[in-house]
Amino acid sequence: MTAPTKPPHSSPARADADAPGADLHSPVIDWFDDNARDLPWRRPEAGAWGVMISEFMLQQTPVSRVLPVYEQWLARWPRPADLAADAPGEAVRAWGRLGYPRRALRLHGAAVAITERHGGDVPSDHAQLLALPGIGEYTAAAVASFAYGQRHAVLDTNVRRVFARAVTGVQYPPNATTAAERKLARALLPDDEPTAARWAAASMELGALLCTAKNETCVRCPIAAQCAWRLAGKPEHDGPPRRGQTYAGTDRQVRGKLLAVLRAAHVPVPQSALDRVWHEPVQRARALDGLVADGLVEPLPGGLYRLPLT
DNA sequence: CACACGTGGAT
DNA sequence: TATCCAAGTGT
């Protein structure tokens, strides 16, 4: 459809026609209509609980690894109250190798809170979502938008990268989310709720599928013609180096090894079994203490350990 | 605000 | 092989 001459005053049907980023909405949403992945948490039957589970699992973990675990969780704990009634250690065990197992503990805690405070229904109110353990700025907006169709700026790493390039004209967004990014995201939000929710999902999908961190696919991008970064000749990121993660030899690696033993065990494990995962006793003890302090491991009398029962 | 927090696939 | 990266949160 051809764009008619811009009317002197915006009509209700095109309420955001003059708003910032209005020229991005239609191309990105239309592209999403044709290219969105058929992910289980996007199906209507997933419900708000399914959306919430997926958002926890997708925090720093790729879709491909989340898919099978997501299906297992939803089948085993179809409602928040089902998870709340089970032991937190079972959530940690079922988390498998998704990484960052504290997310499993927090998701269990969120299920308990939902059962106690919200009658077992995932709240739709942003502030109530934000008050749940494991839910921060991004996840609260994501659940409210994806599950309940509300109008929120959903600023994840994909959206931040798309905005950095298409609007700001730089290759990468800042290390941490800035006030300027929040302001921009709000300014770019379509006025009406359903379109805003669609835009949130579409802009995120664009970052996930085409406008990726490396090897971006501008030839298929629906907004390549307007992309500030591409128009500027795609200059390389200059600023401070993007924070890299080290892993080998860290406490995180040791914690991972300890927890792997406990996930596989269905009876309490003796200290000696845990000692075998790491040779350095000081670091090993520190890692185990950390897991206990985090509530991921429950110490028992007699030098035995297990995943938390309560 | 910088850092801790898992894991595995891709380059 | 060494890095980078993947729908962040909590402190």
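Atom set for the values below is all heavy atoms of this structure, side chains included, hydrogens, waters and symmetry mates excluded. Each chain gets a letter, A, B and so on, in the order its sequence line appears, and its residues count up from 1.
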Peer 1: Is the phosphate of dA7(C), meaning OP1 or OP2, less than 4.0 Å from a side-chain N or O of Gln59(A)?
Peer 2: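 False: Gln59(A) side-chain N/O out of range (4.0 Å or more) of dA7(C) OP1/OP2.
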
Peer 1: Which part of the nucleic acid, if any, lies within reach of Leu98(A) when heavy atoms closer than 4.0 Å are counted: base, sugar-phosphate only, or nothing?
Peer 2: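 Contact class for Leu98(A): base.
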
Peer 1: Students often get this wrong, so: under 4.0 angstrom with heavy atoms, is Asp251(A) touching a base, only sugar-phosphate, or nothing?
Peer 2: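 Sugar-phosphate contact only.
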
Peer 1: Applying a 4.0 Å non-hydrogen cut-off, can you work out what Gly99(A) is touching in the nucleic acid: base, sugar-phosphate, or nothing?
Peer 2: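 Contact class for Gly99(A): base.
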
Peer 1: So what does Trp95(A) hit on the nucleic acid, given a heavy-atom distance under 4.0 Å: a base, only sugar-phosphate, or nothing?
Peer 2: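 Nothing, no heavy atom under 4.0 Å.
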
Peer 1: For Arg263(A), report the nucleic acid contact type (base, sugar-phosphate, nothing); a contact means any heavy atom under 4.0 Å.
Peer 2: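 Contact class for Arg263(A): sugar-phosphate only.
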
Peer 1: Between the base of dG9(B) and the side chain of Ser64(A), is there a donor-acceptor distance below 3.5 Å?
Peer 2: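 Answer is no: no donor-acceptor pair is held.
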
Peer 1: Using distance alone, with no hydrogens and no angle criterion, decide if Glu55(A) and Tyr138(A) have a side-chain donor and acceptor under 3.5 Å apart.
Peer 2: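 Per modelled atom types, Glu55(A) and Tyr138(A) side chains form a pair under 3.5 Å.
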
Peer 1: Would you check if the side chain of Arg106(A) reaches a backbone N or O of Ile135(A) as a donor-acceptor pair within less than 3.5 Å?
Peer 2: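 Such a contact is absent between Arg106(A) side chain and Ile135(A) backbone.
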
Peer 1: Under 4.0 angstrom, heavy atoms only, what part of the nucleic acid is Gln253(A) near: base, sugar-phosphate, or nothing?
Peer 2: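 Counting heavy atoms under 4.0 Å across all strands, no contact is made by Gln253(A).
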
Peer 1: How close or far is atom C1' of dG6(B) from atom OH of Tyr100(A), stated in whole angstroms?
Peer 2: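 About 6 Å, once rounded to whole Å.
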
Peer 1: What contact category does Arg255(A) fall into here, base, sugar-phosphate, or nothing, at under 4.0 angstrom with non-hydrogen atoms?
Peer 2: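 It contacts sugar-phosphate atoms only.
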
Peer 1: NA contact type, Leu105(A), heavy-atom cut-off 4.0 Å: base, sugar-phosphate, or nothing?
Peer 2: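 The residue Leu105(A) makes no contact with any strand.
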
Peer 1: Using only heavy-atom distances, decide whether a donor-acceptor pair under 3.5 angstrom links the side-chain of Arg106(A) to the base of dT9(C).
Peer 2: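 No, no donor-acceptor pair under 3.5 Å.
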
Peer 1: Classify the nucleic acid contact of Thr61(A) as base, sugar-phosphate or nothing, counting any heavy atom under 4.0 Å across all strands shown.
Peer 2: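 It contacts base atoms.
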
Peer 1: Tell me what Thr212(A) touches on the nucleic acid: a base, only sugar-phosphate, or nothing, going by heavy atoms under 4.0 Å.
Peer 2: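 Nothing, no heavy atom under 4.0 Å.
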
